[in-house]
Amino acid sequence: MLDIKLLRGDLENTAEKLLTRGVKLDKDHFIHLETQRKALQEKTQTLQAERNKKSKQIGQLKSKGENAQVVMQEVSHINAELKSAEEQLKTLQQAIHQFILEIPNIPHDSVPKGKNETDNQEIRRWGTPTTFSFEVKDHVLLGEQLKLLNNDAASKISGARFTVLHAGLARLQRALIQFMLDTHTQQHGYTETYVPYIVNAESLQGTGQLPKFAEDLFQLKAEQGFYLIPTAEVPVTNIVRDSIIAADDLPLRFVAHTPCFRSEAGSYGKDVRGLIRQHQFEKVEMVQIVTAENSYQALEELTAHAEFILQQLQLPYRVMNLCSGDIGFSAAKTYDLEVWLPGQNCYREISSCSNFENFQARRMQARWRNPDNKKPELVHTLNGSGLAVGRCLVAVMENYQTQEGYIQVPEVLKPYMGGMDKIMG
RNA sequence: GGAGAGGUGGCUGAGUGGUCGAAAGCACCGGUCUUGAAAACCGGCGUAGGUUAAUAGCCUACCCAGGGUUCAAAUCCCUGCCUCUCCGCCA
């Protein structure tokens with residue numbers, strides 16, 4: 001959520017920055033709402049002040065045993081007027097709040113301006129695309145030939161965009177998760193965290209998925225308004241919702257493995273083959289809660305933490321600085337890591353690392369106490385996949401395939417595979 | 001699922017429908033004292049919004065959330081959420 005002061009005080013400039021995202025701010029609508037709000041608020045508060053004053057008078061008169069009938073009559077008149085003013089004001093304030101909730105974050109100055117993913121800026125590459133002396137298979141063919149990937153069963157059990165993994169492949173996924181969690185906790189200073197996979201609407205509003213992106217979520221048919229998490233970002237970041245954190249406790253670094261559930265509404269026909277885009281997938285997520293002055297340094301570190309996993313797995317990748325038209329709703333800046341997939345002959349997103357500045361913090365009322373002035377200030381929040389496990393599985397399968405159609409186990413995963421060095425079905 | 005208790009400022013915790021934005025303690029900040037520190041003493045210390053040149057003053061709202069009663073609600077009533085205790089059931 002943007003600071004409403006940015007809209008009140010610097011509407012033109014704010015609208016211009018949002019335009020780089022391709023979002024046209026309805027300035028006139030906002031001005032209209034604000035003008036009304038201001039007038040109504042002044043009216044309401046004046047009436048309230050009058051009512052309070054006269055009610056006190058009544059109390060004083062009564063305590064002296066005098067007749068308060070006249071004043072009571074006056075207050076009744078005020079109340080009649082006040083009631084409708086209060087109701088109107090409430091409606092207006094809700095409208096303004098809803099309006100602001102649907103405005104995305106302002107891109108940081110270092111974000112390249114552009115329309116869509118073709119304008120993203122490549123920052124660096126690591127490794128060179130794997131070359132093969134034989135014809136490469138994609139992960140689906142590999143998995144099916146080894147009888148380790150059972151999409152027929154998945155579509156019978158659930159439907160499209162689900163999968164069943166067996167034996168060495170299922171274990172490889174578990175190995176990846178363990179490796180990632182161990183690396184982030186032991187080498188990068190994150191606290192391993194286990195969280196609910198079902199969250200309430202407040203949490204989703206806190207991180208920005210609601211109200212605008214409800215159709216991307218699976219909602220449970222329960223009275224409480226429960227949703228399946230689309231990413232661990234939601235439960236993990238909301239740990240600090242409605243709290244004031246002591247300066248000594250910052251930065252907070254959490255890492256969690258969770259399944260993620262996404263409806264993928266509107267992506268029909270896109271990535272239908274294989275594990276790239278599923279309704280359910282595993283992800284290891286890093287979340288950092290930091291002070292405003294540290295957040296951009298934290299973004300670089302967080303990105304490096306995700307990169308380290310790819311480096312350890314010896315998977316070639318590149319780092320993209322997403323352009324203003326391609327960054328997510330809540331983010332001020334995002335680096336995507338794209339891993340090389342031989343089966344598709346291209347780089348594909350495997351991690352997204354973002355600084356949300358105080359956009360999520362304002363929605364969540366997540367603050368820390370600044371020792372300089374003793375005042376609570378909004379924290380900055382960041383998160384990044386470290387990594388998307390399903391896609392990482394794809395990358396390992398395709399990059400580590402052998403001529404015989406087996407999958408070699410990356411060196412760093414061998415301890416997690418009970419010493420197995422080849423997955424043969 | 002049944003029975004009960006409770007949700008008040010950064011924390012603990014008082015609060016009889018009217019001068020309660022809320023006692024007291026802790027924490028924190030400033031001061032006195034001290035070579036310095038501690039102790040003691042004195043003072044300060046919530047958040048948001050409006051008005052304003054103002055981080056001054058004044059005004060408004062906020063005692064879990066949402067309704068209601070009343071001239072007036074932290075206080076009374078209803079609903080919801082959450083926490084705790086006991087019993088039952090259960091991985």
Side-chain angles (χ1 to χ4, degrees), chain A residues 1-10 30-31 33-101 194-206 210-211 220 222-227 235 238-250 252 289 291 358 361-379:
Chain A
M1 189 163 66
L2 293 184
D3 189 345
I4 193 167
K5 286 174 189 151
L6 278 178
L7 299 173
R8 285 180 185 154
D10 203 6
F30 179 75
I31 292 168
L33 288 174
E34 261 296 285
T35 313
Q36 278 188 294
R37 189 217 99 237
K38 209 163 168 175
L40 253 174
Q41 185 160 347
E42 282 176 37
K43 181 183 171 189
T44 306
Q45 294 191 353
T46 308
L47 289 169
Q48 285 169 330
E50 263 180 75
R51 179 204 59 195
N52 291 348
K53 213 158 138 192
K54 297 208 163 163
S55 287
K56 264 181 196 173
Q57 264 180 39
I58 293 168
Q60 283 162 355
L61 287 172
K62 286 200 165 178
S63 67
K64 281 188 252 168
E66 292 175 25
N67 191 328
Q69 207 56 46
V70 182
V71 191
M72 282 169 76
Q73 199 98 79
E74 286 171 6
V75 180
S76 294
H77 289 308
I78 294 172
N79 275 346
E81 202 178 347
L82 183 58
K83 197 178 175 190
S84 83
E86 278 178 336
E87 275 166 15
Q88 286 176 57
L89 180 62
K90 196 177 161 190
T91 309
L92 258 178
Q93 282 174 328
Q94 278 170 352
I96 291 172
H97 190 237
Q98 285 307 311
F99 181 79
I100 296 174
L101 278 179
Y194 172 79
V195 289
Y197 302 159
I198 295 175
V199 294
N200 57 33
E202 287 75 27
S203 293
L204 287 156
Q205 183 173 299
L210 288 179
L220 268 51
E223 288 173 21
Q224 294 95 326
F226 281 150
Y227 297 80
N238 273 278
I239 288 171
V240 298
R241 172 151 59 91
D242 291 322
S243 59
I244 299 175
I245 301 156
D248 290 348
D249 292 338
L250 293 179
L252 291 172
I289 312 293
T291 61
N358 63 23
R362 184 173 290 105
R363 289 170 164 246
M364 293 192 297
Q365 281 304 296
R367 295 170 294 174
W368 69 294
R369 200 171 285 280
N370 188 337
D372 292 344
N373 55 14
K374 303 292 166 199
K375 297 280 184 194
E377 292 177 10
L378 293 170
V379 296

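We name chains A, B, ... by the order of the sequence lines, and we start the count at 1 in each one.
No hydrogens or angles were tested; on distance alone, a donor-acceptor pair under 3.5 Å links the side chain of A:Q45 to the base of B:G49.
What you find for A:N238 and A:G206 is that their closest heavy atoms are OD1-CA, 4.3 Å. Summarising the geometry of A:I244 relative to A:W368, their closest heavy-atom pair is CG2-C, 4.2 Å, with the distance given to 0.1 Å.
Counting only heavy atoms from C-beta on, A:Q48 has its side chain closest to B:A61 among B:U47, B:A61, B:G18. Nearest nucleotide to the A:S76 side chain, out of B:G10, B:C71, B:U19: B:C71. Distances from the side chain of A:A49 to the nucleotides B:U47, B:U60, B:C71 place B:U60 closest. Proximity note for A:V75 (side chain, C-beta onward) versus B:G10, B:C71, B:G66: the nearest is B:C71. Of all nucleotides listed (B:U51, B:A72, B:G49), B:U51 comes nearest to the side chain of A:K38.
Using a 4.0 Å heavy-atom distance criterion, A:K62 is classed as a base contact. A:I58 comes within 4.0 angstrom of a nucleotide base, judged by non-hydrogen atoms across all strands.
Look at A:R8 and you'll find a side-chain N or O under 4.0 angstrom from OP1 or OP2 of B:G50. Put simply, A:K375 has a side-chain N or O that comes within less than 4.0 Å of OP1 or OP2 on B:U47. Taking only side-chain nitrogens and oxygens, A:K53 never comes nearer than 4.0 Å to OP1 or OP2 of B:A72. Dashed line: the shortest gap from a side-chain N or O of A:N52 to OP1 or OP2 of B:U19 is not under 4.0 Å. Side-chain nitrogen and oxygen atoms of A:R369 include none within less than 4.0 Å of the OP1 or OP2 phosphate oxygen of B:C11. Under 4.0 angstrom from either OP1 or OP2 of B:G50 there lies at least one side-chain N or O belonging to A:R37.
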For this session: Please report the C-alpha distance between A:H97 and A:M1 in whole Å, then the side-chain angles of each, then the deciding distance to 0.1 Å, and finally whether the side chain to side chain contact (heavy atoms under 4.5 Å, CB included) criterion is met.
Result: CA-CA 9 Å; A:H97 190 237; A:M1 189 163 66; 3.9 Å; yes
Exercise. Would A:E86 and A:Q48 satisfy side-chain hydrogen bond (donor to acceptor under 3.5 Å, both in side chains), going step by step from the backbone distance to the final call?
Worked result: CA-CA 10 Å; A:E86 278 178 336; A:Q48 285 169 330; 3.0 Å; yes
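For the C1' atom pair drawn from B:C62 and B:A74, the interatomic distance equals 11 Å after rounding to whole Å. Here, B:U34 and B:A56 have their C1' atoms 36 Å apart, quoted to the whole Å. Here, B:A37 and B:G31 have their P atoms 10 Å apart, quoted to the whole Å. Nucleotides B:A39 and B:U32 have their C1' atoms positioned 13 Å apart, rounded to a whole Å. Atom C1' of B:U69 sits at a distance of 8 Å from the matching atom of B:C76, rounded to the whole Å. Using P as the reference atom, B:A22 and B:G9 are 15 Å apart when rounded to the nearest Å. Here the separation of B:G30 from B:U52, taken at their C1' atoms, is 28 Å to the nearest Å. Nucleotides B:C41 and B:G46 are separated by 23 Å at their P atoms, to the nearest Å.
The nearest heavy atom of RNA chain B to A:Q60 and to A:E42 marks one nucleotide each, and the one closer to the 5' end goes with A:Q60.
One finds the CG atom of A:L378 at 9.5 Å from the CE atom of A:M364 (value rounded to the nearest 0.5 Å).
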